[in-house]
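Each remark here refers to the structure printed beneath this line.
Atom set for the values below is all heavy atoms of this structure, side chains included, hydrogens, waters and symmetry mates excluded.
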Amino acid sequence: MRITPVRNTAVVADKGLFAPLSMLVAALVLSGCGTIKPTPMTQDEISARVREDRAAMYRGQESISQTLTLSDAMARALKYNLDYRLKLMETTLARSQLDLTSQDMLPKLMTDAGYRWRNNDSGGTSVGIDDRVVSLRPSTSEERRHSLAEATFSWDVLDFGLSYFRARQQADEVNIAEERRRKVLQNIVQEVRDAYWRALGAQRLLGETEPLADQIASALTKTREAEQGGILPPVEGLEYQRALLDAMTTLNQKRQQMEMAKSELRALINAPPGSQIVLEDQPRPLIAVPQDVNKLEQMALERRPELREEDYKARIDSYETKRQIASLLPNLNLFAGVNYDSNDYLYNDSWVQGGVGVSMNLFKLLSIPAINNNNDARKQTDDARRMALSMAVLTQVRVSVERYKLAVYDFQIADQSAQVDQRLASISQVGSDNSLTSDLETLRTQARSIVSRFQAAGSYAEAQAAYGRVLNSVGIDLLPEHIMQTDVASLSREISFSLAREENNVYTRDSAGVAQSQSVQVSILRVPKGVDRNAVLSAVKQVIAANQMTLSDDPKSLRLEMRFSMLASNTARKGQWTMTLIDHDDNVRMTREYQSYLPEVPDTRALSALAQAAALSATDDIQRISGSRAQRMTLP
């Protein structure tokens, strides 16, 4: 029996239309792919991007309208530092990835809808198996055009278990991101502390270097003129020039080193380059070196972000082991769904179906020994890495403590050297006779005094940086877990409280260290006739402020009263300053006398220099009584 198919003219028409359309679409796609060429960005686009980036760097920042304290600088770094912002974004990204991973544990509810079309009828005939005789005429049970819709609910038990372990791993990835954020924050705090104290030293001293630099430049000109005019011997004139140039070079080097600190601080707190910032000039005594190093080591092993990160990595690896073991188990799949088909040839156009299936990859059981070996190797590697990191942490703690001890000792030496050089500068001013050689020697001593003070300020900044490294090595947290307000003032208060609390856990403060340093009020009670009392008072205040003691007219301040008297002498004129330090309860805390030779006619300049030398001779005692000095220490 032979069956002759009947050709449909509509089908032929569809075929004739479909071929040209297909060729046209293919030609358009191929032509579009061939016309794409690299196009560089224009200068206008680049400039627009730069303008937008520069505006975004400082957008929404609170302006700096007052002096910055250390906690203010840390608060601004916390809120505006771009590196820290990046870490916050990475933590947020890790949390969003956790949310996505958690969604994988949900059952699947798949919906599907569509429309089907074909250019001819589907269908077929039946052929006998034995005789190969066609028993039915060609027939179809499907319309050429019909729509479909279905919704299937399925739950794969094995996928649920694997997704659960992946979600637990991603949760620990969030914890790791949080620990890395803590580490970045601790490093930023350390950098802010270092830059802040160096910038404060520059702020204290840079104002004094400009007039001295001008005086040295003027002295160089006079020395060259004196050498060329024969007033000074050539060798002596060149030696003075060499000494002045050396002083100028050293002064410029120290000034440049300190000036860079403000630029670093601006970058850390994300302040615009060139913006003016004024730091609070509040003395902060150095605290004694911690003695219980074992306690610090225990704190470091518990708090350091790197070690906590290793703990989370070990937990992630343990979940990976469980996930690999779970993947060997049989898989159970449950599904149920509703279906709809608009095909009119169907007896039932909608139906519900469901089922259950179990599957297992038997060959994967052969990987059990490899999985066990891999898990053992991973655990041993984690343990070895954690042990190595723990040893590095313990070493950092001990090294930071020793560095702080050496830094405090270096600062004490530099501070004493600065006081000696200041006294030499004051005494040289007393003995100056306004001659060229005398003025040059006075300039040399003044330059050396400023350089010594720069060195003392640098040593103090190094000691503060070493102090912060001890805190950083222990892994203290800058902020509490919950913060109610995020403005700079609120953050600064939280940081100040948090730092004070954490520092008390690391450093042992005695009663003198806990008490706030007292300010000093200076009074000049007696001077010879013709001497400007206010000029002498200004000179003494300059010395007090230069040695990191606070000047104030507060009634609770310590009162430094200075009286001048002439002493009888058979050989030369001598003067004496008597200094008395009185507290707010009118108790005499200190009495000192300072004597020195005077020129024939003691004037304001000589008395001011002598008053400075007298105040410098008692600086240690004043600092100790006012609480502005760190505890004296000696190295073993």
Side-chain angles (χ1 to χ4, degrees), residues 204-205 207-216 218-219 418-453 519-553 558-567 569 572-581 590-623:
R204 289 168 175 167
L205 297 175
E208 300 181 29
T209 59
E210 296 295 338
L212 183 60
D214 294 339
Q215 293 178 18
I216 292 177
S218 176
Q419 292 185 24
V420 170
D421 286 335
Q422 289 180 75
R423 292 173 66 182
L424 283 173
S426 299
I427 293 174
S428 67
Q429 289 182 0
V430 176
S432 176
D433 57 4
N434 293 325
S435 65
L436 179 59
T437 56
S438 179
D439 289 342
L440 292 176
E441 193 63 33
T442 299
L443 277 178
R444 288 176 58 184
T445 57
Q446 289 180 348
R448 186 167 59 185
S449 173
I450 291 291
V451 170
S452 296
R453 290 172 60 194
S519 56
V520 179
Q521 180 180 1
V522 182
S523 301
I524 306 297
L525 302 182
R526 184 190 302 165
V527 293
K529 292 182 179 180
V531 174
D532 187 350
R533 185 194 304 267
N534 292 330
V536 177
L537 178 62
S538 177
V540 175
K541 285 184 175 180
Q542 181 181 0
V543 167
I544 296 296
N547 286 274
Q548 288 75 57
M549 289 179 285
T550 305
L551 291 167
S552 175
D553 294 333
L558 295 172
R559 303 197 308 273
L560 177 61
E561 298 179 351
M562 300 183 64
R563 295 176 174 83
F564 179 79
S565 57
M566 298 293 298
L567 299 179
S569 175
R573 298 172 62 86
K574 294 183 66 177
Q576 175 178 290
W577 280 103
T578 302
M579 295 165 289
T580 305
L581 190 65
M590 180 202 75
T591 300
R592 295 287 183 274
E593 295 179 350
Y594 184 84
Q595 300 178 6
S596 180
Y597 292 100
L598 294 173
E600 290 296 328
V601 181
D603 54 5
T604 300
R605 175 185 176 185
L607 264 294
S608 298
L610 184 58
Q612 286 183 329
L616 286 167
S617 67
T619 297
D620 284 344
D621 292 329
I622 299 174
Q623 289 177 332

To the nearest 0.5 Å, what is the distance between OG (Ser552) and CD (Gln521)? 7.5 Å

Atom pair CD/CG of Gln542 and Leu551 - distance to nearest 0.5 Å: 11.0 Å

Main-chain N/O of [Y] paired with [X] side-chain donor or acceptor, under 3.5 Å:
| X | Y | value |
| --- | --- | --- |
| Arg563 | Ile524 | no |
| Ser538 | Ala535 | no |
| Thr604 | Asp532 | yes |
| Ser449 | Thr445 | no |

Before giving the answer on side-chain contact (heavy atoms from CB on, under 4.5 Å), spell out for Gln576 and Thr578 the whole-Å C-alpha distance, their side-chain angles and the decisive distance to 0.1 Å. CA-CA 6 Å; Gln576 175 178 290; Thr578 302; 3.4 Å; yes

Quick one, [X] and [Y] - any side-chain contact, counting heavy atoms below 4.5 Å?
| X | Y | answer |
| --- | --- | --- |
| Arg448 | Leu424 | yes |
| Met562 | Ser523 | no |
| Gln422 | Arg453 | yes |
| Arg559 | Val522 | no |
| Met590 | Thr580 | no |

Which heavy atom of [X] sits nearest a heavy atom of [Y], and at what distance?
| X | Y | value |
| --- | --- | --- |
| Ala539 | Ser608 | CB-CB, 3.9 Å |
| Gln419 | Leu616 | OE1-O, 3.8 Å |
| Val540 | Gln612 | N-CG, 4.4 Å |

Checking side-chain contact (heavy atoms from CB on, under 4.5 Å) between Met579 and each of Ile622, Thr591, Leu560, which is the one that passes? Leu560

Ring centroid separation Trp577 to Phe564 under 6.0 Å: yes

Candidate pair Arg592 and Ser617, rule side-chain contact (heavy atoms from CB on, under 4.5 Å), full reasoning: CA-CA 9 Å; Arg592 295 287 183 274; Ser617 67; 5.8 Å; no

